[in-house]
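The structure appears right after this line, and notes come after that.
Being a predicted model, the structure only gives us computed values, none of them experimental.
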Amino acid sequence: MTATTVEEFEAQRPSLMGLAYRMLGEVHEAEDAVQDAYLRWRTADRDRIEAPRAWLAKVVTNLCLNRLSSARARRETYPGPWLPEPVPTGARRSGAAGPAGAVASAGGVLTLGPLETVEQRDSISLALLTLMERLTPPERAVFVLREAFSHTHREIAEILGVTEAGSRRLHHRARQRLGEPRPRFETEPGQWQRLVERFLAAAADGDVAGLEAVLAADVTAWSDGGGRVSAARRPIIGRDRVARFILGLAAGQVAGDAAIEEVNCAPALIYRVEGVVVLVTAFEITDGRISALHMVLNPGKLAFAAEYLP
């Protein structure tokens with residue numbers, strides 16, 4: 001294997017990791033899929049690969065489809081709501097400069113690219129990744145390749161081994177299952193930080209009215225404890241019910257420290273007890289109010305975020 005071969009793969013790694021994470025919603029599973037693709041790349045006949053980017057996208061997509069089949073079976077018996085694994089996207093560890101969506105990882109820098117457009121950033125939000133659990137594996141693949149990577153239906157057909165018409169049908173069904181697009185998160189950082197600070201202060205003070213003031217009337221809260229820590233087994237809907245759930249959760253937490261960070265390109269509250277991350281709450285903000293909360297408490301899903309948050 002030549003240095004050029006390695007360099008060609010590494011040039012594609014950020015987009016391959018972004019593809020795998022969007023497909024699977026789990027960092028380590030995504031890293032394993034990309035590593036498996038690398039092993040295939042090492043032994044492939046380079047003379048038969050006309051377009052390395054397309055070849056690698058096809059390999060990673062199909063590796064993820066295989067993993068999704070077993071993942072869906074596991075998630076059907078998951079205790080309570082299943083939420084994706086959160087990933088810090090606001091800054092790299094140690095404050096080093098780097099591209100948006102990049103954090104240091106064991107292999108160097110983990111970049112969940114591309115993240116240039118609002119749609120691409122939205123495609124790694126915990127909200128949309130959670131919604132994508134409604135899709136069949138082929139629908140999810142088409143949706144990710146089309147919406148996040150702007151592949152044509154002709155290219156997608158080649159990657160998945162379907163017809164162009166079949167790719168269009170899968171994309172149409174995926175859009176139908178996901179429902180109407182929600183307002184994109186484009187609130188200025190200062191605005192969402194103030195809103196989350198108000199939420200945090202109200203929760204700390206046991207202030208029901210203060211919490212209700214920052215929550216949308218139809219707010220929904222999902223909490224994922226994975227059966228390992230206490231969490232709601234069903235989504236909680238409505239301003240009053242969510243406010244009381246948050247206060248109950250806050251009252252049950254051991255005293256710790258809270259920080260506001262960006263996770264999956266959205267504002268998030270990070271709660272640590274004796275330096276250990278025990279809760280990551282990602283917020284959706286619509287019209288100046290919190291419209292959804294995705295609360296990850298499962299310790300197994302917090303390991304990556306805990307290691308690479310600033």
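Cluster annotation: Val229 and Ile246 are assigned to the same hydrophobic cluster (Ile/Leu/Val/Met/Phe/Trp/Tyr, side-chain heavy-atom contacts under 4.5 Å, transitive). The cluster map of Ile, Leu, Val, Met, Phe, Trp and Tyr, joined by side-chain heavy atoms under 4.5 Å apart, puts Val59 and Ile49 in the same cluster. Side-chain heavy atoms closer than 4.5 Å link hydrophobic residues (I, L, V, M, F, W, Y) into clusters, and following such links, even through other members, never connects Trp82 to Leu128. The same ILVMFWY cluster, assembled from side-chain heavy atoms under 4.5 Å apart, contains both Leu16 and Val6. Residues Leu249 and Val273 fall within the same hydrophobic cluster, defined by Ile, Leu, Val, Met, Phe, Trp and Tyr side chains chained together at heavy-atom separations under 4.5 Å.
Judged by distance alone, the side chain of Glu155 and the main-chain N or O of Thr152 form a donor-acceptor pair under 3.5 Å. Remark: the backbone N or O of Cys265 is not paired with any side-chain donor or acceptor of Arg121 at under 3.5 angstrom. Side chain of Asn264 to backbone of Val87: a donor-acceptor contact under 3.5 angstrom is found. A donor-acceptor pair under 3.5 Å links the side-chain atoms of Arg140 to the main chain of Arg22, judged by distance alone. Not one N or O on the side chain of Arg75 forms a donor-acceptor pair closer than 3.5 Å with the backbone of Pro81. A donor-acceptor pair under 3.5 Å links the side-chain atoms of Gln120 to the main chain of Thr117, judged by distance alone. Put simply, the side chain of Glu284 never gets that close to the backbone of Ser291: no donor and acceptor are under 3.5 Å apart.
Here the CZ atom belonging to Arg146 is positioned 13.5 Å from the CG atom belonging to Leu170, to the nearest 0.5 angstrom. Arg289 contributes atom CZ, which lies 10.0 Å from atom CD of Glu212 (distance to the nearest 0.5 angstrom). Summarising the geometry, atom CD1 belonging to Ile290 is positioned 4.5 Å from atom CG belonging to Leu195; distances are rounded to the nearest 0.5 Å. Atom CG of Asn298 sits about 11.5 Å away from atom OG of Ser223, to the nearest 0.5 Å. Residue Leu135 holds its CG atom at 11.5 Å from CD of Gln176, rounded to the nearest 0.5 Å. With rounding to the nearest 0.5 Å, the separation of CD1 in Ile156 from NZ in Lys58 is 13.5 Å.
Aromatic ring pairs are classed by plane angle as parallel below 30°, tilted from 30° to 60° and perpendicular above 60°; the pair Trp41 and Phe9 is tilted. In this structure, Phe283 and Phe199 have perpendicular ring planes: the angle between them is above 60°, well past the 30° mark.
A salt bridge links Arg244 to Asp240: at least one charged side-chain nitrogen sits closer than 4.0 Å to a carboxylate oxygen.
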Practice prompt. Applying side chain to side chain contact (heavy atoms under 4.5 Å, CB included), run through Leu68 and Met23 and close with a yes or a no.
Written response: CA-CA 8 Å; Leu68 271 179; Met23 286 286 292; 3.9 Å; yes
Worksheet item: Can you check side chain to side chain donor-acceptor pair (under 3.5 Å) on His171 and Glu147, steps first, answer last?
Response: CA-CA 9 Å; His171 184 249; Glu147 300 291 326; 2.7 Å; yes
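Listed by chain and number, the residues in a side chain to side chain donor-acceptor pair (under 3.5 Å) with Arg134 amount to none (sequence neighbours excluded).
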